[in-house]
Amino acid sequence: MQRMAVLTSGGDAPGMNAAIRAVVRSGIYNKIEVYGVYQGYQGLLEGQIEPMSLGSVADIIHRGGTILHTSRSDEFTTENGRQKAYENLSRLGINAMVVIGGNGSLKGAYEFSRTGIKVIGIPATIDNDIVYTRSIGFDTAVNTALEAINNIRDTATSHGRIFIIEVMGRDCGEIALAAGVAGGAESILIPEIEPNIDQVVTKIQNGMKRGKLHSIIVVAEGALSAMELRKELEEATGQDTRVTILGHIQRGGTPSAVDRILGSCMGKAAVDFLTEGENSTMVASREGRIQSIPLQEIINGTHTPELNMFEIARILSI
Ligand code: F6P
C-alpha cells in the first residue's frame, strides 16, 4: 500500500480532528502518501480529494468539528455512487481508506470495502451507539450537557421550577444516562426503557413534600416529546415547568482529553491494521484495549447502554 485516503462522514464529533491527525501522521511515518477527502462520501464521489502533509494536520488536535468537513450522502448509498467513488480513488492510485464516523458511515464503509478498496472504520459519534466500542465524541458531548445541567440547576433552584433538559442521542439513551447520573437528575428518560410518567410525577411530588426547590429531568431526544412531557407534568403537579433543548451545542466545542486520546490511539491503530493487510474492519476500544472487529459484525449488531446506570440513577434520586 502506497497511497491511502481518510474522510469523516455523518454528524461531526469532537475528537475527529485528533483521529485525522493520527491517521495522516502515522501514514506518513509508515511512508504512505495520505490524501484527505473533503465533505465525506459526497466529496469522495465528486472527487474532492487532496494530498495531506504533516503540516496540514498541525494545530488541529484541540479543535472541535472536522477539518475535512462532512456530509450525509444519499448518492453513496447507491451502487452507481460507490462506483464513481471507486473510480476517483483508483485514478489517483489510492487503494485504502480510513472512514471516521457513526453507524451510517460504517455501513457505507462496509459496502465500499467490497469494491476492492481496503477500508478500516473508526467509530466517531456523540451518540455512543456503535456496538462493541466507545465512540469518539461521546465524552465531550456528555461534559457539554453536564455543564448545561449545572447552569440550569442554579436557575431552577432560584425559581423553584421543574426543568426538562432534552439531550441528543438519536435512538440511544447513552448521553442522557451519563449526563443525568453525573448531573444528579431526579429522572432520566431514555428510548431503551418505556417512560413511566407517573413515576416522574410521584418523584416530583415527594420532593416537593420534603421542601425540594427544583426537579431536573433529563430526556433523550428519542424517548418522548419534551414539550408534551412539560404539559403533562404541569397538569399533574401544578409546578412551573421549562424545557431546554440542548441540540447541536453538544456536537461542537473543544474535545476532552478522553476524546483526543481515543482519536489519537484509534487513528494510529487504523493505519497499523491497514499495513498489516486488514480490510473491512473497525477499530474498537473494548475492555480497555484497542482491537479490530469486522465491519459486518458492527453493522449487524445492536448497541445497548449499561442499563444498571438507570437503576443507579433511580435509587440515588429518591
Ligand atoms: O448522530 C449524531 C446526532 O447529533 C444525533 O444525536 C442527532 O439526532 C442527529 O445527529 C442530528 O442530525 P443533524 O445534524 O443532521 O440534524
Side-chain angles (χ1 to χ4, degrees), residues 7-20 38-43 63-77 99-110 121-149 164-180 182-183 188-192 195 218-229 243-256 258-259 262-263 266 282 298-299 301-305:
L7 62 77
T8 49
S9 163
D12 58 354
M16 277 183 162
N17 282 331
I20 296 169
Y38 289 83
Q39 308 283 0
Y41 289 133
Q42 194 57 35
R63 284 205 244 152
T66 156
I67 59 153
L68 291 177
H69 304 283
T70 184
S71 64
R72 301 192 198 276
S73 169
D74 288 335
E75 201 180 344
F76 192 76
T77 60
V99 171
I100 306 169
N103 277 314
S105 310
L106 295 170
K107 187 164 187 294
Y110 170 70
I122 293 182
T125 163
I126 64 163
D127 302 338
N128 203 32
D129 59 350
I130 299 169
V131 71
Y132 305 135
T133 188
R134 170 178 268 268
S135 301
I136 296 168
F138 172 65
D139 184 73
T140 307
V142 168
N143 281 302
T144 303
L146 183 59
E147 206 177 312
I149 293 170
I164 299 166
I165 303 168
E166 185 188 286
V167 297
M168 275 189 167
R170 207 178 285 275
D171 302 319
C172 179
E174 286 272 12
I175 298 177
L177 265 183
I188 303 172
L189 301 177
I190 58 173
E192 292 83 359
V218 175
V219 176
E221 64 177 345
L224 79 178
S225 150
M227 294 302 176
E228 271 169 34
L229 179 64
V243 174
T244 301
I245 296 174
L246 297 185
H248 289 80
I249 285 172
Q250 296 155 101
R251 286 246 294 266
T254 188
S256 67
V258 168
D259 283 328
L262 197 59
M266 286 182 161
M282 184 197 77
I298 300 296
I299 63 173
T302 310
H303 173 82
T304 316

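First listed ligand is number 1; within each ligand, the first listed atom is number 1.
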Which atom names give the shortest non-hydrogen contact between Asp12 and Met16, and what distance separates them?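 Smallest heavy-atom distance, with atoms named: CA-SD, 3.8 Å.
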
Non-hydrogen atoms of Gly137 and Ile126 that approach each other most closely: O-CG2, 3.6 Å

Parallel, tilted or perpendicular for Tyr38 and His69, by the 30°/60° rule? tilted

Got more than 12 heavy atoms from elsewhere within 6.0 Å of CG, Leu146? yes

Does at least one non-hydrogen atom of Arg72 fall below 4.0 angstrom from an atom of ligand 1? yes

Is it true that Gly102 lies under 4.0 Å from ligand 1, counting heavy atoms only? no

What atoms of ligand 1 come within less than 4.0 Å of a heavy atom belonging to Glu221? 5 (C), 6 (O), 7 (C), 8 (O)

Within the 4.0 Å heavy-atom shell around Gly169, which atoms of ligand 1 are there? 6 (O)

Considering non-hydrogen atoms of the protein only, which is the closest contact for atom 10 (O) of ligand 1, and what is the distance?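 I find the closest protein heavy atom is Arg251 NH1, 3.1 Å.
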
Shortest protein heavy-atom distance from atom 9 (C) of ligand 1, along with the residue and atom involved: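 Closest protein heavy atom to atom 9 (C) of ligand 1: Arg170 NH2, 3.5 Å.
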
Indicate, as side chain, backbone, both or neither, the part of His248 found under 4.0 angstrom from ligand 1 when only non-hydrogen atoms are considered. side chain

Who gets closest to atom 2 (C) of ligand 1 by heavy atom: Asp127, Ile175, Asn128?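 Going through Asp127, Ile175, Asn128 one by one, Asp127 has the nearest heavy atom to atom 2 (C) of ligand 1.
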
Do any N or O atoms from the side chain of Gln250 and from the backbone of Met168 form a donor-acceptor pair under 3.5 angstrom? yes

So, does Glu166 use its side chain to make a donor-acceptor pair with the main chain of Thr244 at under 3.5 Å? no

